[in-house]
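If you're wondering where the values come from, they're calculated on a predicted model, not measured in any experiment. Note that these values count all heavy atoms, side chains included, but never hydrogens, waters or copies made by symmetry. Start at 1 and go down the list; that is how both ligands and their atoms are numbered.
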Amino acid sequence: MTTTHLPGSPFVHYKNDSLMMEEVALSQLIAEYGTPLFAYSKAAMIHALDAYERAFKGRRARIHYAMKANSSLGVLRVFAQRGCGFDIVSGGELARVLAAGGKADHIIFSGVGKTRTEIKAALQAGICCFNVESEAELDVLNEVALESQKIAPISLRVNPNVDAKTHPYISTGLKDNKFGIAHERALETYKRAATLKGLMIKGIDCHIGSQITEISPYEDAVSRVLDLVDEIEKSGIRIEHLDFGGGLGIDYAGETPPPADKLWSKLFELLDSRGYADRMIFVEPGRSLIGNAGVCLTKIEYLKTGEHKNFCIVDAAMNDLPRPAMYEAFHGIVPVQIDSNNTSGLVYDVVGPVCESGDWLGRDRSLSVQVGDGLAILSAGAYCMSMSSNYNSRGRAAEVLVDLNKTSLIRRRETIEDLIRQET
Ligand code: LLP
């Protein structure tokens with residue numbers, strides 16, 4: 001027997017010619033649950049979480065899973081059971097965390113456009129902190145807190161103006177981005193926040209982008225934030241926690257991001273040298289906890305060969321997995337069962353059935369496949385299901401959680417009735 005590991009996740013591998021997730025053959029999942037289907041490895045999630053926990057051992061720190069990466073209840077429950085907090089960006093996400101058994105006082109609420117209704121719900125639930133993204137939001141938060149006879153715990157999300165060296169759509173820490181409060185305005189804004197009776201200053205927050213594969217942008221951000229904290233504390237305002245956001249990248253196509261423990265041992269050196277060794281540290285990782293734990297399974301419907309291009313038309317599409325269409329993102333695509341007798345290898349664009357030329361999942365992929373074969377789209381745990389839609393009136397895919405040799409359906413496939421239920 002030979003075992004071949006694929007890039008990214010150590011929990012997705014070939015056993016002889018069969019693609020496995022942990023101890024489950026993915027062909028078996030397709031037979032049981034149909035396609036398109038997302039499958040997540042619980043061990044891969046725990047493995048990713050362990051890297052952060054190793055880094056934070058003996059430190060004052062808390063991990064808040066950025067659930068926008070994947071907000072399915074079955075996934076949230078795994079992180080909640082491990083004691084994670086959650087980074088949320090909407091009232092819907094708040095409700096999901098509470099439904100999954102997450103603790104309200106471990107929730108931080110980010111986002112540039114929190115509504116009064118969402119703020120009220122979060123105050124009633126008793127969340128840990130609002131990450132405030134503008135001066136105008138401070139006033140609204142103060143008003144709603146006073147009306148609700150509550151005190152809102154806050155951090156200001158500062159924009160450190162560092163280049164995360166990632167795709168422009170997922171870079172958030174530059175001056176021109178809509179996120180956060182400009183570095184130069186931060187001290188004044190803290191001073192004003194301190195005068196508002198409905199607010200209690202707790203921390204400072206930054207998040208510079210996503211799919212970051214180098215340590216240096218983090219070092220720049222940490223040091224810019226610490227410069228500010230020095231100034232803010234000199235003015236008499238105490239900062240209890242430092243939140244450095246999420247953003248750590250994963251291996252989609254041979255990228256080599258630092259493991260979370262390596263990144264954080266570097267950042268702790270910096271924190272220690274600047275005299276912040278004992279300060280409470282918050283992080284908000286999303287992709288690095290779930291991205292490589294998931295695959296999207298799909299079936300080949302048609303093979304269409306042409307003069308210039310060959311198309312492998314599958315039953316998953318941009319509505320299930322929008323990252324290639326939105327960011328020209330790369331996801332590995334491999335057969336669920338290798339057929340060594342099939343020597344008809346061709347180079348295909350792997351595309352879905354949606355009526356858009358942008359509906360592609362992979363370009364120029366060498367595959368030896370036939371109609372009816374199953375394919376696995378790799379590294380599909382983060383920002384795939386959570387960004388899926390019903391475009392072309394396609395029901396959303398089903399999801400299963402794999403735990404060693406056990407599988408559980410954590411979301412059933414959407415039916416036509418589900419699709420039209422709210423309409424008249
Ligand atoms: N905290 C805040 C305030 C964020 O805005 C984000 C992501 C995170 C944490 C988590 O970042 P992560 O650790 O997952 O990189 N849809 C895009 C990614 C958008 C990220 C948005 N913010 C994609 O598919 O690449």
Side-chain angles (χ1 to χ4, degrees), residues 45 48-49 51-52 62-71 75 79 84-90 93 107-114 128-134 137 155-160 164-174 177-181 203-214 217-218 221 225 242-253 255 257-260 263-264 281-294 296 318 320-331 361 377-389:
M45 293 158 66
L49 191 57
Y52 282 93
R62 192 161 73 217
I63 300 160
H64 302 82
Y65 167 56
M67 61 181 284
K68 61 175 81 70
N70 186 319
S71 54
V75 168
F79 291 124
C84 284
F86 293 88
D87 171 51
I88 66 166
V89 290
S90 71
E93 289 195 346
I107 293 175
I108 48 186
F109 192 171
S110 306
V112 296
K114 304 175 189 80
C128 165
C129 194
F130 291 85
N131 287 346
V132 176
E133 304 232 13
S134 64
E137 185 191 333
S155 260
L156 296 190
R157 174 169 176 183
V158 298
N159 194 335
K165 300 181 190 157
T166 183
H167 190 286
Y169 282 15
I170 52 176
S171 182
T172 51
L174 281 167
N177 295 130
K178 69 176 175 180
F179 301 99
I181 292 165
I204 191 163
D205 165 52
C206 78
H207 170 81
I208 55 172
S210 199
Q211 185 54 14
I212 301 168
T213 54
E214 294 173 43
Y218 280 102
V225 166
L242 311 173
D243 180 345
F244 293 111
L248 182 58
I250 61 170
D251 176 8
Y252 285 104
E255 297 93 329
L263 169 67
W264 273 94
I281 302 299
F282 284 0
V283 287
E284 306 165 359
R287 189 190 318 264
S288 54
L289 291 182
I290 184 73
N292 272 329
C296 177
M318 66 187 286
D320 303 297
L321 214 137
R323 301 192 70 257
M326 276 185 83
Y327 320 110
E328 303 201 318
F330 178 94
H331 286 261
L361 301 169
I377 304 166
L378 305 177
S379 311
Y383 303 111
C384 291
M385 188 62 181
S386 61
M387 288 174 67
S388 67
S389 78

D205 vs I108 side-chain heavy atoms within contact, under 4.5 Å: no

Side-chain heavy-atom pair V112, E137 within 4.5 angstrom cut-off: no

Side chain to side chain contact (heavy atoms under 4.5 Å, CB included) partners of A221, counting only residues at least two apart: P160, V162, C206, I208

Heavy-atom contacts under 4.0 Å between [X] and ligand 1: side chain, backbone, both, or neither?
X	value
S210	both
V89	neither
F179	neither

Which atoms of ligand 1 sit under 4.0 Å from any heavy atom of [X]?
X	result
D87	1 (N), 2 (C), 9 (C)
G246	9 (C), 13 (O)
G286	12 (P), 13 (O), 14 (O)
A66	8 (C), 9 (C), 10 (C)
M387	16 (N)
P285	13 (O)

Nearest heavy-atom neighbours spanning Y218 and L248: OH-N, 2.8 Å

Approximate separation, where rounding is to 0.5 Å, of I212 CD1 and I250 CD1: 13.5 Å

Donor-acceptor pair between S210 and R287 side chains, under 3.5 angstrom: yes

Parallel, tilted or perpendicular: ring planes of F79 versus Y65, cut at 30 and 60 degrees: tilted

Parallel, tilted or perpendicular: rings of W264 and F244 (30°, 60°): tilted

S288 near ligand 1 by a heavy-atom separation under 4.0 Å: no

G247 touching ligand 1 at heavy-atom level, < 4.0 angstrom: yes

Within-cut-off N or O pair, R157 and ligand 1, under 3.5 Å: no

Axial cation check for F130 ring with K114, 6.0 Å and 45° limits: no

Proximal candidate to atom 11 (O) of ligand 1 [heavy atom criterion; set R287, H207, K68]: H207

